[in-house]
Amino acid sequence: MTIDLHLHSTASDGTTPPGELMRLAGAAGLRVAALTDHDTTAGWAAAAQALPPGLTLIRGAELSCRWHGEGESIALHMLAYLFDPVHPALVAALARVRESRLGRAERMVALMRADGIDVDWADILAHADGGTIGRPHLAAALIRAGLVADTQEAFGPRWLGNGSPYRLPKEDLDVFEALRLVQAAGGVTVVAHPRASVRGRVVPEQLFGQLAAAGLDGLEADHHDHSPAERAEVHRIAAELGLFTTGSSDFHGTHKKVRIGEFTTAPEALERIVAGATGATPVTGVAG
Ligand code: AMP
Ligand code: ZN
Ligand code: FE
Ligand code: FE
C-alpha cells in the first residue's frame, strides 16, 4: 500500500491542477494521497471529484508557521490533515496568511523591478490563477524572463533564496496557535521536514517536546530535503516523544525533481491520522 501524504497542486505553488494531480497519483501506484497545499483548502473539491477508483484522498494543508523562541524566530511548516475546512478561526487565519503572502510577493516584485529585473506583478498573478502565492511563482517569472535556467537557480542567493536582498518575510502563524486551531477544527498535525537544514535554520529539538505536550501528533521524517542523518534524527526524536513519523514526496510538479511516491508513509501512521481526526473523512474514488 503506497501512501504519500504531502503533495502540492496549482491551488498553491505546485504546477499540476488538483484533479490532474490525483490522476497522476493513481498512475504512480499510490493507494493514498494527501493534498497539502500551502495555507489553503481550495483544491480539495476538485481533487475529491477526480479520484481514480481505489485511490483514497486525505484532505490536508501545509500551514506556514513560525516559532518565536529566544532571539531570532524560525519558520517551520505544519502539515494538517482531515480538519474541518469551514472552522471559522482556522479559515480566518489561513486567509490572513494568504493575504500577507500576496503583499509580500508584490513587494518582492517591486524590489526586483527597481533593480531593473524584468518581472511583472500582473503577469505573475495571472499565472498563479488564484493559487496561494509563493516564491515558486516568482521563480517561474524569472525563468520566463530568461534570467535563470530553473527553479533551483532562482532559489539561489542572488534571486529568491537565503541571503537575497529580494527575499522578504511573510506573516506566518505562531506554531502553537496553528496547532490549537487545527486541533479545534478536528485535524491531525505533523511538522513538515523538521530537520531540513538545506532550507536554513531549523528549530531546536526541545520545541518538539513542547509541541508534543501541546498535542502534536507526528513528524515528517523521510523527505528529500533531509540527509540520511537528519532522517534518522527525526525517527529518534519521534520515538522518544511517542509521535508517529511520515515519509512523503512534497511533490510540486515541475518545480522540483522529486517524484510522486518517492518517499512513503507506513500504514500504521495513516491509521493514527484517520483515527485521530474528527474534522473531515478520507474520500475514496469509486468506479464509474
Ligand atoms: P515561500 O512559501 O513563498 O517562502 O516559498 C517556499 C516554497 O518554495 C517551498 O514550499 C518550496 O515549494 C519552494 N522552494 C524552497 N526552496 C526551494 C528550492 N531550493 N528549490 C525549489 N523550490 C524551493
Ligand atoms: Zn511549496
Ligand atoms: Fe514545506
Ligand atoms: Fe510542501
Side-chain angles (χ1 to χ4, degrees), residues 4-16 18 21 34-40 42-43 60-67 73-81 94 97-109 111-112 124-125 127-128 131-143 148-164 166-173 175 178 189-203 219-226 230 234 246-258 263:
D4 186 341
L5 295 180
H6 186 167
L7 303 166
H8 293 268
S9 77
T10 51
S12 63
D13 56 9
T15 58
T16 317
L21 181 64
L35 182 67
T36 54
D37 278 306
H38 296 287
D39 308 308
T40 187
E62 184 174 19
L63 277 49
S64 304
C65 299
R66 193 160 277 278
W67 172 65
S73 66
I74 299 176
L76 74 164
H77 291 171
M78 173 92 74
L79 294 161
Y81 297 111
L94 295 183
V97 174
R98 291 195 306 272
E99 192 62 30
S100 133
R101 281 173 164 280
L102 269 174
R104 169 245 206 177
E106 188 174 8
R107 285 193 300 277
M108 287 175 71
V109 167
L111 285 177
M112 288 193 273
I124 289 166
L125 273 182
H127 276 87
T132 304
I133 290 270
R135 285 178 290 156
H137 294 100
L138 307 191
L142 291 170
I143 294 169
V148 299
D150 54 22
T151 310
Q152 200 55 38
E153 188 183 347
F155 272 88
R158 226 190 115 196
W159 303 101
L160 304 169
N162 292 331
S164 158
Y166 310 119
R167 180 174 178 185
L168 299 178
K170 57 188 189 306
E171 280 163 52
D172 304 310
L173 298 171
V175 65
T189 48
V190 174
V191 179
H193 43 75
R195 276 290 169 270
S197 57
V198 292
R199 291 167 176 244
R201 286 181 63 206
V202 298
V203 297
L219 296 176
E220 186 180 55
D222 299 319
H223 184 282
H224 62 84
D225 282 344
H226 283 155
E230 287 168 344
V234 177
T246 63
S248 299
S249 66
D250 200 357
F251 180 76
H252 276 73
T254 56
H255 279 317
K256 295 183 180 181
K257 292 190 177 69
V258 72
F263 296 94

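When a ligand or atom number is given, it counts from 1 through the structure's own listing order.
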> Would you find a donor on one side and an acceptor on the other, under 3.5 Å apart, between the side chain of Tyr81 and the backbone of Ala34?
Replying inline: no
> Can the ring centroids of His38 and His8 be said to lie less than 6.0 angstrom from one another?
Replying inline: yes
> With atoms numbered from 1 as shown, which atoms in ligand 1 lie under 4.0 angstrom from a non-hydrogen atom of Thr151?
Replying inline: 21 (C), 22 (N)
> How about His38: does one of its N, O or S atoms come closer than 2.8 Å to the Fe ion (ligand 3)?
Replying inline: no
> Taking His6 for the side chain and Thr36 for the main chain, is one N or O donor matched with an acceptor at less than 3.5 Å?
Replying inline: no
>> Show me which atoms of ligand 1 lie under 4.0 Å from any heavy atom of His38.
In response: 10 (O)
>> Within the 4.0 Å heavy-atom shell around Pro136, which atoms of ligand 1 are there?
In response: 5 (O), 7 (C), 8 (O), 12 (O), 13 (C)
>> Taking Ser12's backbone N and O only, do any of them form a donor-acceptor pair with Thr132's side chain (distance below 3.5 Å, no angle check)?
In response: no
>> Suppose I only count heavy atoms of Gly134 and a 4.0 Å limit; which atoms of ligand 1 are within that range?
In response: 3 (O)
> Got the closest protein heavy atom to atom 20 (N) of ligand 1, with its distance?
Replying inline: Gln152 OE1, 3.3 Å
>> So that I can check it, does any N, O or S atom in His255 come closer than 2.8 Å to the Zn ion (ligand 2)?
In response: no
>> Using modelled atom types and a 3.5 Å cut-off, is there a donor and acceptor pairing between side-chain atoms of Asp39 and backbone atoms of Ser64?
In response: yes
>> Ignoring hydrogens, what is the shortest heavy-atom contact between Met108 and Arg167? Give both atom names and the distance.
In response: CE-CA, 3.7 Å
>> Between Glu62 and the Fe ion (ligand 3), is there a contact where an N/O/S atom of the residue lies under 2.8 Å from the metal?
In response: yes
>> Can you give me the closest heavy-atom contact between Gly43 and Ala11, atom names plus distance?
In response: N-CB, 3.7 Å
> Taking both backbone and side-chain atoms of Arg199, is any N or O found less than 3.5 Å from an N or O belonging to ligand 1?
Replying inline: no
>> If you count every heavy atom of other residues, nucleotides or ligands that lies below 6.0 Å from Arg158 atom CZ, does the total exceed 12?
In response: no
> In the protein, what heavy atom is nearest to atom 12 (O) of ligand 1, and what distance, to one decimal place, separates them?
Replying inline: His252 NE2, 2.8 Å
> If only atom types and distance count, is the side chain of Asp37 paired as donor or acceptor with the main-chain N or O of Thr10 below 3.5 Å?
Replying inline: no
>> Suppose you place the vertex at the Zn ion (ligand 2); what is the angle out to Asp13 OD2 and His252 NE2, to 10°?
In response: 120°
> With respect to atom 11 (C) of ligand 1, which of Lys170, His77, Glu62, Lys256 exhibits the smallest heavy-atom separation?
Replying inline: Lys256
>> Taking the ring centre of each residue, are His137 and His127 less than 6.0 Å apart?
In response: no
>> Considering Arg104, Arg101, Arg167, Met108 one by one, which has a heavy atom nearer to atom 4 (O) of ligand 1 than any of the others?
In response: Arg104
> At a non-hydrogen distance cut-off of under 4.0 Å, which region of Asp13 contacts ligand 1 (side chain, backbone, both, or neither)?
Replying inline: side chain
> What protein heavy atom is closest to atom 6 (C) of ligand 1, reported as residue, atom name and distance in Å?
Replying inline: Arg135 NH2, 3.6 Å
> Out of the N/O/S atoms in His77, what is the name of the one closest to the Fe ion (ligand 3)?
Replying inline: ND1
>> Would the distance check show the side chain of Arg104 and the main-chain N or O of Leu168 forming a donor-acceptor pair, the cut-off being under 3.5 Å?
In response: yes
>> Give me the nearest non-hydrogen protein atom to atom 8 (O) of ligand 1 as residue plus atom name, then the distance to 0.1 Å.
In response: Phe155 CZ, 3.2 Å
> Is the Fe ion (ligand 3) under 2.8 Å from any N, O or S atom of His193?
Replying inline: yes
